[in-house]
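Below: the structure, in structure tokens.
Just so it is clear: chains get the letters A, B, ... in the order the sequence lines come, proteins before strands, and each one is counted from 1. What you see below is based on every heavy atom in this structure, not just the backbone, and it leaves out hydrogens, waters and symmetry mates.
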Amino acid sequence: MGASNVVTRFAPSPTGFLHIGGARTALFNYLFARHHGGQFQLRIEDTDRARSTEPAIAAILDGLEWLNFEWDGPVVYQFARAARHAEVAHQLLANGHAYRCYATAEELEEMRAAQRAAKQPMRYDCRWRDRPAGDAPAGAPFVIRLKAPRDGSVTIDDLVQGPVTVANAELDDMVLLRSDGTPTYMLAVVVDDHDMAVTHVIRGDDHLNNAFRQLALIHAMGWSEPAYAHIPLIHGSDGAKLSKRHGALGVDAYRDDMGLLPEAVENYLLRLGWGHGDDEFISRAQAIEWFDLSGVGRGPARFDLKKLESVNGQYMRATDDARLVTLVTPRIETALGRNTTDADLDILHRSMAELKKRAANLNDLATSALFYLRTRPIPIDDGAAKLLASAAPGVLAQARALFAGINDWTAEGLEQQARHLAESSALKLGQVAQPLRAAITGSAQSPGLFDVMALLGRDETLGRIDDVLATITA
RNA sequence: GGUCCCUUCGUCUAGCGGUCUAGGACGUCGCCCUUUCACGGCGAAAACACGGGUUCGAUUCCCGUAGGGAUCACCA
């Protein structure tokens with residue numbers, strides 16, 4: 001690889017959170033740049049002053065940081081470059097590649113209505129394109145439009161979509177500068193990409209059509225064309241456009257609400273629309289080594305929450321216990337309504353290896369850990385209550401008596417005693433273990449019972465059994 | 001509607017003319033492991049949209065049809 005001049009950029013508009021599709025676009029840009037030893041830059045497209053917000057900017061930066069997509073250089077804020085954009089528009093005006101258009105919004109609406117009625121394509125009809133300067137109404141507001149070529153066609157060798165050709169007649173003269181003098185998105189992207197020396201424009205394929213108009217601008221300025229890669233959008237599980245219902249949420253929702261790991265989200269996103277043989281789990285380093293745009297699928301992929309959760313579960317199991325404890329502790333403290341103590345953290349560390357095998361996300365993990373940390377008497381859930389109600393009479397009391405006298409308070413020692421009790425009472429081990437589990441964990445499901453007892457310790461374990469015994473006799 | 005793009009199991013994908021009686025993963029179902037739940041292991045059902053070509057031979061190439069998607073602003 002070595003040094004290269006590859007420059008990619010992620011250019012979200014801060015009108016909302018960083019959603020999952022944006023995150024994937026960022027990932028592909030990041031991976032492509034790193035693969036080629038180039039630069040990955042971040043540009044905030046905040047030219048829409050009405051819709052751009054500070055919280056949205058913060059959410060985007062936060063999301064990218066969480067996913068660990070490190071960008072190169074300072075963040076470029078597009079609005080700050082408005083003067084430069086206007087300068088280019090005026091340059092185009094001066095050299096005849098652009099013109100003033102005095103059509104009002106109402107006029108244009110009428111024009112479109114007529115086109116719609118006549119089932120004609122809705123395009124600006126170039127009414128001011130060739131009018132002499134003398135026709136200009138004095139003092140009236142105007143926009144500056146690009147004088148785009150009307151004949152011939154343009155072909156883009158899209159790195160994902162392949163060669164795509166569009167006739168120039170299909171394109172109209174887009175607005176460069178609004179009547180208030182501010183630049184449009186079309187102008188701003190082209191100027192910024194050029195000034196930032198972007199070599200590869202990797203973005204959602206909702207921009208594919210825009211690329212042709214942008215190319216006209218690039219040609220008018222005599223600038224060199226970047227390479228384009230338009231990646232398909234992500235769809236919901238029903239094939240429709242991704243909506244909130246499907247998971248078109250901010251990445252913060254994946255982190256906070258769903259409790260997912262960033263590397264799992266990254267892995268899932270990478271595999272959505274891209275593959276490397278039969279590989280399912282791909283590390284960041286491998287992704288950088290293997291990623292290429294030609295491997296990106298051309299059809300939209302559906303978002304599958306089940307698979308994301310599964311991938312996350314795999315990553316959870318592969319994550320070291322200490323990190324999981326750190327990640328899960330705030331959730332546990334919220335559920336418990338108190339801060340964790342050193343003793344709590346100790347038991348979390350020691351139980352984590354077993355707990356993480358049962359959790360697909362941090363929420364599940366937190367929930368499953370609670371019983372270790374609750375103070376007596378612990379709540380007994382419905383499933384556990386049923387187990388206790390149907391337990392063989394006296395098992396709990398017998399087991400309690402047996403455990404009280406045990407010297408070897410280890411998982412092995414406890415299991416041995418439980419097996420003896422089962423045998424001597426002509427019960428299956430499960431008939432002894434399940435009521436005990438219910439009493440000790442308050443649930444019908446838990447990690448191995450004897451490991452749990454060993455971790456909890458003699459006093460706590462016996463106390464919990466006593467608590468239940470007390471309610472039975474009472 | 002115009003233009004552009006896409007089409008392998010329910011979903012994500014492997015496949016880049018013969019290796020395909022189409023592979024992997026998630027999900028589903030069954031079995032095993034087992035003190036529960038998981039984890040893990042084994043196995044099953046499940047796809048080349050349709051119709052024409054090209055070719056000795058098409059999942060792979062071309063053209064239609066159908067279906068899906070994107071886009072048609074003084075938003076980005």
Expressed as a whole number of Å, how far does the [atom1] atom of [N] sit from that of [M]?
N      : M      : atom1 : value
G24(B) : C37(B) : P     : 28 Å
A49(B) : U59(B) : P     : 10 Å
C50(B) : G68(B) : C1'   : 15 Å
G40(B) : C5(B)  : P     : 44 Å
G1(B)  : C26(B) : C1'   : 39 Å
U3(B)  : U65(B) : P     : 12 Å
G23(B) : U60(B) : C1'   : 15 Å
U19(B) : A76(B) : C1'   : 49 Å

Pairing partner of [N] (Watson-Crick or G-U wobble, both distances under 3.5 Å):
N      : result
G40(B) : C32(B)
U19(B) : none
C26(B) : G10(B)
A45(B) : none
U71(B) : G2(B)

Taking any heavy-atom pair under 4.0 Å as a contact, classify [X]: base, sugar-phosphate, or nothing.
X         : value
Leu233(A) : sugar-phosphate
Val164(A) : sugar-phosphate
Arg123(A) : nothing
Ala103(A) : base
His230(A) : nothing
Ser368(A) : nothing
Thr165(A) : sugar-phosphate
Asn210(A) : base

Distance under 6.0 Å and angle within 45° of ring axis: Arg100(A) vs Phe142(A)
yes

Quick check: [Y] with [X] (ring centres under 6.0 Å apart)?
X         : Y         : answer
His207(A) : Tyr185(A) : yes
Phe303(A) : Tyr268(A) : yes
Phe291(A) : Trp274(A) : yes

Within the 3.5 Å criterion, strictly below it, is a donor on Asp158(A) or His230(A) matched to an acceptor on the partner's side chain?
yes

How about His85(A) and Gln78(A): does a side-chain donor come under 3.5 Å of a side-chain acceptor?
no

Phosphate contact ([N] OP1 or OP2) by [X] side-chain N/O below 4.0 Å:
X         : N      : value
Arg298(A) : G68(B) : no
Thr47(A)  : A76(B) : yes
Arg116(A) : G1(B)  : no

Take the protein atom [atom1] of [X] and the nucleotide atom [atom2] of [N], then report the distance between them rounded to whole Å.
X         : N      : atom1 : atom2 : value
Ile20(A)  : U11(B) : CD1   : P     : 20 Å
Asp157(A) : C4(B)  : CG    : P     : 16 Å
Arg51(A)  : A73(B) : CZ    : P     : 15 Å

Would you give a per-nucleotide map of nucleotides 25-40 of chain B, 5' to 3', where B means the base has a protein non-hydrogen atom under 4.0 Å away, S means only the sugar-phosphate does, and - means neither?
BSS-------BBBBSS

Salt bridge (Lys or Arg N to Asp or Glu O under 4.0 Å) partners of Glu170(A), counting only residues at least two apart:
Arg123(A)

Select one nucleotide: of A70(B), A76(B), C12(B), the one nearest the side-chain heavy atoms of Gln78(A).
A76(B)

